[in-house]
Enquirer: 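Below: one structure in structure tokens.
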Amino acid sequence: MGSCAIVGINWGDEGKGRMVDLLTERYDVVIRFQGGGNAGHTVINERGKFALHLLPSGVFRPGVVNILGNGVALDPENLWKEMQQVTEKGVAITPENLMISDRASLLLPWHRDLDELEEQRLADKKFGSTKQGIAPFYSDKYQKKTILAGELFYPEELRSHLRELMTWKNLTLEKVYGAEPYTEEKLEKWLTESCERIRPFVRNTGAFLRRAQAEGKKLLFEAQLGSLRDLDYGIHPYTTSSNTLAAYAPIGSGLPGVKITDIVGVVKAYSTCVGEGPFVCEMFGKEAEALREAGSEYGAKTGRPRRVGPIDLVATRYGVEVQAATEIALTKLDVLSGMKEIPLCVRYEVNGEETDEFPFPTALASAKPVLETMPGWQRDISDVRRWEDLPAEAQAYVLRVEQAIGCPITYISVGPERESIICRPMTERH
Ligand code: GDP
């Protein structure tokens, strides 16, 4: 067993959190390498139900070191709040089990403002941003107009750097959006109330990881969102502003040369999508409502109802390819229980022709789903723990998905709890 990445294959919300929570048992270090507080990983364990946004999902495992790598959007204010919420439920968070890369860029207070102001300006053309400042943050990061977490150890230089950035950013706030400018007092408050609190967790995590690797420690890389939200490979411009692919994990974690041997792609047994953008397999009406209710498909961060549809085999196969997934965890199979017939989106129709290829983003708007159905299973499967105990129809469904996406399904999740899982090791596959 080498190093492993757990990644989303679709639009996000596939259930990555529960898979990381399950698999952290076998790993020593869990690393978040991209994204910020704009999505949520839900973890249910003996301490309760947690919606994690920035904290790695390994925080619940004693002895596991959790790292926020240089690729994340580090929002000190929200990170501190999240740390408080977890601590209140009896989970200790210390500089021994949480480490923040000194090379992580800080999400500055104006990034959230700019996100909100831009969505207001776009009005009905908005992208459905979660308004956590992620797009303005990454734009500024690539312009080198942010602060690195390690600068918190150089208070004088930090203040002068922050003043320069403020002067520059106030031009946009005032002249483009007609908004209130930032003041030094406001930033000082942010520094003392939020940044000071997270400073004890900041360190050279690259050096820590190189040492851990040399000692043979097992590393787990935890992604946020999914393939179709990747900045370069997703449904541009309805993507996020970071790279959600496993290939980015080495760069964003602090170990640029690491070889990731196992890439566990998480796929939901049906499709969901939050926010705007093309969603070819979308279902509407009563059927959609029933599926949304059955799967409690409401955003972990925003509470927004998720758009739902049958499993999209075209998008999923593409997602598997760009992630270079070596195995698949199929989640929420239990949610489909009781459906008489289960629809699957097997191909797209684009310009009157059927295709298996995931189209260029512009062509997605006119793509139509080609559906097939399979017989459902009329019983609850949430207590099933072995492949052979699944109803034949459920097995057939899993095998159909596996064959279509070209990647072995080694985990089947049948409930949100840690133990609600069927492990199907590759050697035991039928
Ligand atoms: P993530 O961002 O990929 O971690 O996904 P979310 O946390 O947004 O969504 C997954 C949701 O589904 C959470 O509420 C989980 O507790 C729940 N969940 C995960 N796996 C299963 C499953 O197999 N069955 C059911 N019923 N719920 C699940």
Side-chain angles (χ1 to χ4, degrees), residues 5-24 30 32 34-60 82 130 132 220-229 240 244 246 264-275 290-308 311 316 319 323 325 328-339 380-385 390 394 397-398 401 409-424:
I6 298 188
V7 295
I9 294 293
N10 304 103
W11 296 265
D13 309 316
E14 297 94 346
K16 293 176 294 298
R18 67 101 62 239
M19 287 311 298
V20 183
D21 182 59
L22 178 80
L23 296 181
T24 42
V30 179
R32 275 284 306 269
Q34 47 79 226
N38 51 330
H41 288 176
T42 311
V43 175
I44 299 177
N45 56 31
E46 67 281 1
R47 294 187 195 270
K49 180 171 178 170
F50 299 87
L52 300 181
H53 301 293
L54 199 50
L55 282 176
S57 306
V59 286
F60 304 108
E82 199 175 316
T130 53
Q132 296 298 307
L220 183 72
F221 300 88
E222 175 181 14
Q224 180 216 35
L225 296 169
S227 310
L228 303 170
R229 300 292 188 192
T240 193
T244 59
V264 180
V266 187
V267 173
K268 204 182 276 190
Y270 52 94
S271 302
T272 62
C273 168
V274 179
L291 185 55
R292 185 176 301 119
E293 282 305 312
S296 309
E297 296 297 349
Y298 298 91
K301 180 81 196 176
T302 56
R304 286 186 286 188
R306 293 176 181 150
R307 298 157 76 191
V308 297
I311 192 161
T316 305
Q323 290 286 12
I328 297 295
L330 187 71
T331 61
K332 298 191 120 173
L333 189 64
D334 56 303
V335 172
L336 300 182
S337 299
M339 284 172 81
D380 179 14
I381 56 167
S382 55
D383 57 350
V384 175
R385 298 291 173 266
L390 274 178
Y397 182 77
V398 174
V401 173
I409 295 175
T410 52
Y411 297 96
I412 300 157
S413 165
V414 291
E417 304 81 15
R418 210 176 249 178
E419 65 282 0
S420 306
I421 193 101
I422 298 167
C423 298
R424 191 169 161 249

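On a predicted model such as this, the values are computed, not experimentally measured, just so you know. Counting convention: from 1, in listed order, for ligands and their atoms alike.
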Enquirer: Distance check, rounded to the nearest 0.5 Å: S420 atom OG versus I412 atom CD1?
Expert: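 If we round to the nearest 0.5 Å, S420:OG and I412:CD1 are 13.5 Å apart.
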Enquirer: Is there a nitrogen or oxygen of G15 sitting under 3.5 Å from a nitrogen or oxygen of ligand 1?
Expert: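 Yes; the residue has a nitrogen or oxygen that sits under 3.5 Å from a nitrogen or oxygen of the ligand.
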Enquirer: With heavy atoms of R18 as the reference, note each atom of ligand 1 found under 4.0 Å away.
Expert: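 Matching atoms, with element in brackets: 19 (C), 20 (N).
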Enquirer: Can K332 and E297 be counted as an ion pair, charged N to O under 4.0 angstrom?
Expert: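 Salt bridge: yes.
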Enquirer: Please compare K332, K16, K49 and report which has the shortest non-hydrogen distance to atom 28 (C) of ligand 1.
Expert: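 Heavy atom nearest to atom 28 (C) of ligand 1 belongs to K332.
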Enquirer: Looking only at heavy atoms, is any part of V414 under 4.0 Å from ligand 1, and if so is it the side chain, the backbone, or both, or is it neither?
Expert: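 The part of V414 near ligand 1 is the backbone, not the side chain.
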Enquirer: Looking at ligand 1, does E297 have a heavy atom less than 4.0 Å from it?
Expert: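 No heavy atom of E297 comes that close to ligand 1.
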Enquirer: Just heavy atoms, cut-off under 4.0 Å: does R306 contact ligand 1 by side chain, backbone, both, or neither?
Expert: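 The answer is the side chain of R306.
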Enquirer: Stepwise, does the side-chain contact (heavy atoms from CB on, under 4.5 Å) test hold for V384 with I422?
Expert: CA-CA 7 Å; V384 175; I422 298 167; 3.7 Å; yes
Enquirer: Out of all atoms in ligand 1, which are within 4.0 Å of some heavy atom of S413? Include the element for each.
Expert: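 Reading through ligand 1 atom by atom, the close ones are 20 (N), 21 (C), 22 (C), 23 (O).
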Enquirer: Quick one: do D13 and R306 make a salt bridge, cutoff under 4.0 Å?
Expert: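 The answer is yes: the pair qualifies as a salt bridge.
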Enquirer: Roughly how far, to the nearest 0.5 Å, is CH2 of W11 from CZ of R307?
Expert: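 CH2 of W11 is found 9.5 Å from CZ of R307.
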Enquirer: At under 4.0 Å between heavy atoms, is it the side chain or the backbone of D334 that contacts ligand 1, or both, or neither?
Expert: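 Answer for D334: side chain.
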Enquirer: Side chains of residues 44-52: which donor-acceptor pairs under 3.5 Å do they make with residues two or more places apart or in other chains?
Expert:
from: N45; atom 1: OD1; to: R47; atom 2: N; distance (Å): 3.0
from: R47; atom 1: NH1; to: G90; atom 2: O; distance (Å): 3.2

Enquirer: I'd like to know if G12 contacts ligand 1, where contact means a heavy-atom distance under 4.0 Å to any ligand atom.
Expert: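 Judged by the 4.0 Å heavy-atom criterion, G12 does not count as contacting ligand 1.
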Enquirer: Are any of the N or O atoms of G17 closer than 3.5 Å to those of ligand 1?
Expert: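 For ligand 1, there is an N or O atom that lies under 3.5 Å from one belonging to G17.
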Enquirer: Which heavy-atom pair separates Q323 from A246 by the least distance, and what is that distance?
Expert: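 Nearest pair, atom of Q323 first, then A246: OE1-N, 2.8 Å.
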